[in-house]
Engineer: 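For reference, the structure I am asking about is given below.
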Amino acid sequence: QVQLVESGGGLVQAGGSLRLSCAASGRTFSSYIMGWFRQAPGKERIFVAAISWSGTTTNYADSVKGRFTISRDNAKNTVYLQMNSLKPEDTAVYYCAADLTSRSEYVRTKEWAYDYWGQGSQVTVSS
């Protein structure tokens with residue numbers, strides 16, 4: 001069983017920054033691929049970013065490339081999403097997720113690939 005708890009969401013003006021954190025339980029966190037997804041009101045949940053177990057490989061949605069950075073600290077069992085130059089269209093509930101494929105560099109972008117999910121953290125960007 002893996003538990004994921006997001007934090008760091010909130011209200012920010014356009015152009016501002018936020019950093020989301022996702023704390024994970026489980027002794028083998030360092031083996032997991034970790035991802036971030038988001039769901040805007042009335043829309044489907046979509047991929048944002050993912051990072052391999054080693055941190056060497058990352059993948060980003062085109063809409064956030066150059067603005068968002070995913071990272072992880074395996075000693076703290078935590079994955080981060082640094083969000084800069086935020087736009088109103090980034091407003092959504094952000095979810096972290098764990099893909100339990102062990103020690104893989106192949107980071108996937110589909111929801112079905114992820115085994116565990118956090119409860120979500122609201123990010124609201126005002127114009």
Engineer: Cluster question for you: counting only ILVMFWY and a side-chain heavy-atom cut-off of under 4.5 Å, with indirect links fine, are Val107 and Phe68 together?
Structural biologist: no
Engineer: Any idea which heavy atoms bring Gly35 and Tyr114 closest together, and the distance?
Structural biologist: N-CE2, 3.7 Å
Engineer: Do the side chains of Tyr80 and Thr69 get nearer than 4.5 Å, heavy atoms only?
Structural biologist: no
Engineer: What I'd like to find out is whether the side chain of Ser17 reaches to under 4.5 Å of the side chain of Gln82, using heavy atoms alone.
Structural biologist: yes
Engineer: Ignoring hydrogens, what is the shortest heavy-atom contact between Gly120 and Glu6? Give both atom names and the distance.
Structural biologist: N-OE1, 2.9 Å
Engineer: Are Ile51 and Leu81 connected in a single hydrophobic cluster, I mean Ile/Leu/Val/Met/Phe/Trp/Tyr linked by side-chain heavy atoms less than 4.5 Å apart?
Structural biologist: yes
Engineer: Kindly check if the number of other-residue, nucleotide or ligand heavy atoms within 6.0 Å of CD (Gln3) is above 12?
Structural biologist: no
Engineer: May I ask you to decide whether Lys87 forms a salt bridge with Asp90, counting only side-chain N to carboxylate O separations under 4.0 Å?
Structural biologist: no
Engineer: Do Ser54 and Arg103 pair up side chain to side chain, a donor and an acceptor below 3.5 Å, judged on atom types alone?
Structural biologist: no
Engineer: How far apart are the closest heavy atoms of Ala14 and Pro88, and which atoms are they?
Structural biologist: CB-CD, 4.1 Å
Engineer: Have Thr56 and Glu105 got a donor and an acceptor in their side chains that come within less than 3.5 Å?
Structural biologist: no
Engineer: Do Tyr94 and Gln39 have side chains that approach each other closer than 4.5 Å (heavy atoms only, starting at C-beta)?
Structural biologist: no
Engineer: Taking side chain as C-beta onward, heavy atoms only, is Tyr95 less than 4.5 Å from Gln119?
Structural biologist: no
Engineer: Show me, pair by pair, the donor-acceptor contacts under 3.5 angstrom made by side chains of residues 43-50, not counting sequence neighbours?
Structural biologist:
| from | atom 1 | to | atom 2 | distance (Å) |
| --- | --- | --- | --- | --- |
| Arg45 | NE | Glu111 | OE1 | 3.1 |
| Arg45 | NH2 | Glu111 | OE1 | 3.0 |

Engineer: Decide if atom CD of Gln13 counts as having more than 12 heavy atoms of other residues, nucleotides or ligands within a radius under 6.0 Å.
Structural biologist: no
Engineer: Find out whether Val79 and Ile70 are in side-chain contact, i.e. whether some heavy atom of one side chain is under 4.5 Å from a heavy atom of the other.
Structural biologist: yes
Engineer: Taking all atoms of both residues into account, what is the closest heavy-atom pair of Thr78 and Ser21, and its distance?
Structural biologist: CG2-CB, 4.2 Å
Engineer: For the residue pair Cys22 and Trp36, establish whether any side-chain heavy-atom pair is separated by less than 4.5 Å.
Structural biologist: yes
Engineer: Ignoring hydrogens and geometry, is there a side-chain-to-backbone donor-acceptor pair from Tyr106 to Ser52 under 3.5 Å?
Structural biologist: no
Engineer: First locate atom CH2 of Trp53, then atom OH of Tyr32, and finally report the distance between them rounded to the nearest 0.5 Å.
Structural biologist: 14.0 Å
Engineer: Hey, are the side chains of Val12 and Met83 touching, using non-hydrogen atoms and a 4.5 Å cut-off?
Structural biologist: no
Engineer: Could you check if a side-chain atom of Arg108 sits within less than 4.5 angstrom of a side-chain atom of Asp99, using non-hydrogen atoms only?
Structural biologist: yes
Engineer: Classify the side-chain pair Thr91/Glu89 by whether it contains a donor and acceptor separated by less than 3.5 Å.
Structural biologist: no
Engineer: Quick one: is the NZ or CZ of Arg72 closer than 6.0 Å to the six-membered ring centre of Phe29, and within 45° of its axis?
Structural biologist: yes
Engineer: Tell me the closest heavy-atom pair linking Leu4 and Ala24, and the distance in Å.
Structural biologist: CD2-CB, 3.5 Å
Engineer: With no hydrogens and no angle check, is any side-chain donor or acceptor of Arg38 less than 3.5 Å from a backbone partner on Val93?
Structural biologist: no
